[in-house]
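Okay, structure first, notes after.
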Amino acid sequence: SSRRRHTRLQGDWSSDVCSSDLTRGRLADLAGLGLVRELPGNWWRRIGADWVSKGMEPAEVRGIHAALLAVMPTDGPQRLAHAAAAGLDVTGEAIAASRSYAQRGRFAAAAAALASGLLLVRGQARSRRGVAERTLLVELAIVALAQNTPVDLEQALYELGRAADAALSGVAQLLRAAREAFRGPGPLVLDHVAGLSLGDPRLERWRREVMVRVAVRSAEPTRSALIRECVEWASRATDPDTLARGRVWEGNEAYRRGA
């Protein structure tokens, strides 16, 4: 059926979800088993009994979590917990939630979503978590660079340090440069970012962003040379975000010069 209704869950499942008829039917089945109770206003409260101990097969439990996941918003509360319980891709869920928050300027929530994903991934055996952990840490670094506070940059560096992943050394170097940029211009900051090969185009844009941050605190001719280099690099890009940043850098420099 294409009909949908608003179903809300209480307890440690989630908060608001918009449920399909299929999901509501499964909730009704759980109520019949004494595991949830329907309240006025189409609220459902988990009673707290263990599903498996009530005779429910693990596959059925995973199916219920997957059904709830399918009708929740991308950044819905407890979405990651449902994905983990359903045996689905926690990494992808954490990244989708983080980007949804970041697009609305909610960077603290974006970082929290990634931290939750890291917690779940790090609960796995080290041999299984490598790529997932690395992917989440790159996203966390990008969020920290967008937040641009010493505390957030330091937290991201701490999480990268926990991973002890040589493939992330360039990302850590970029974060250190961003942190040092708060202390003013200097060769140390430029040494951190010069010649870095980061692979991810988003990280390369942030490398240039850090260079501009250093440039605006530098004396001439270093300032003009660095900003001109970054603007020319951005002008050759094809993605809208990089082109937009290049125009911002150029515009800010023109304003400073009174052009």
Taking atom [atom1] of [X] and atom [atom2] of [Y], what is their separation to the nearest 0.5 Å?
X	Y	atom1	atom2	result
Leu140	Ile95	CG	CD1	11.0 Å
Asp152	Leu175	CG	CG	11.0 Å
Leu226	Arg217	CG	CZ	14.0 Å
Ile142	Leu137	CD1	CG	11.5 Å
Phe107	Thr149	CZ	OG1	12.0 Å
Leu174	Leu168	CG	CG	12.0 Å

Would you mind listing every salt bridge (charged side-chain N to carboxylate O under 4.0 Å, His left out) that reaches into residues 221-233, with sequence neighbours excluded?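 Residue pairs with at least one partner in residues 221-233: Arg208-Glu229, Arg223-Glu253.
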Honestly curious: do [X] and [Y] fall in one hydrophobic cluster under the side-chain, below-4.5 Å linking rule?
X	Y	value
Leu198	Leu153	yes
Val216	Trp249	yes
Leu80	Val131	no
Val210	Val231	no

Contact check, side chains of [X] and [Y], non-hydrogen atoms, under 4.5 Å:
X	Y	value
Phe182	Asn148	yes
Thr242	Trp233	yes
Arg256	Ser224	yes
Ser98	Val143	yes
Gln173	Val193	no
Asp241	Arg205	yes
Leu196	Glu204	no

For [X] against [Y], the heavy-atom pair lying closest together:
X	Y	result
Cys230	Met211	SG-CB, 3.9 Å
Ala113	Ala94	O-CB, 3.8 Å
Ala156	Ala144	CB-CB, 3.7 Å
Gly246	Ala234	CA-CB, 3.5 Å
Ala146	Trp206	CA-CH2, 3.5 Å

For Arg162 and Arg122, run side chain to side chain contact (heavy atoms under 4.5 Å, CB included): C-alpha distance rounded to whole Å, both residues' side-chain angles, the deciding distance at 0.1 Å, then the answer. CA-CA 10 Å; Arg162 287 185 61 192; Arg122 284 172 169 166; 3.2 Å; yes
Does a salt bridge link Arg202 with Glu139, judged by any charged N lying under 4.0 Å from a carboxylate O?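 So Arg202 pairs with Glu139 through a salt bridge.
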Does a side-chain N-to-carboxylate-O contact under 4.0 Å join Glu220 and Arg257?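 Looking at Glu220 and Arg257, the cut-off is met.
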Counting distance only, does the side-chain N/O of Glu250 pair as donor-acceptor with the main-chain N or O of Ala254 below 3.5 Å?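 Pair absent, no side-chain N/O of Glu250 close to backbone of Ala254.
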So does Ser218 get a backbone contact from the side chain of Thr222, meaning a donor-acceptor N/O pair under 3.5 Å?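 Side chain of Thr222 to backbone of Ser218: no pair is present.
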List in chain and number order the residues that pass side-chain contact (heavy atoms from CB on, under 4.5 Å) with Val121, two or more places apart in sequence or in another chain; answer none if no residue qualifies.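 Per chain and number, Val121 pairs via side-chain contact (heavy atoms from CB on, under 4.5 Å) with Thr91, Arg129, Ala132, Glu133, Leu136.
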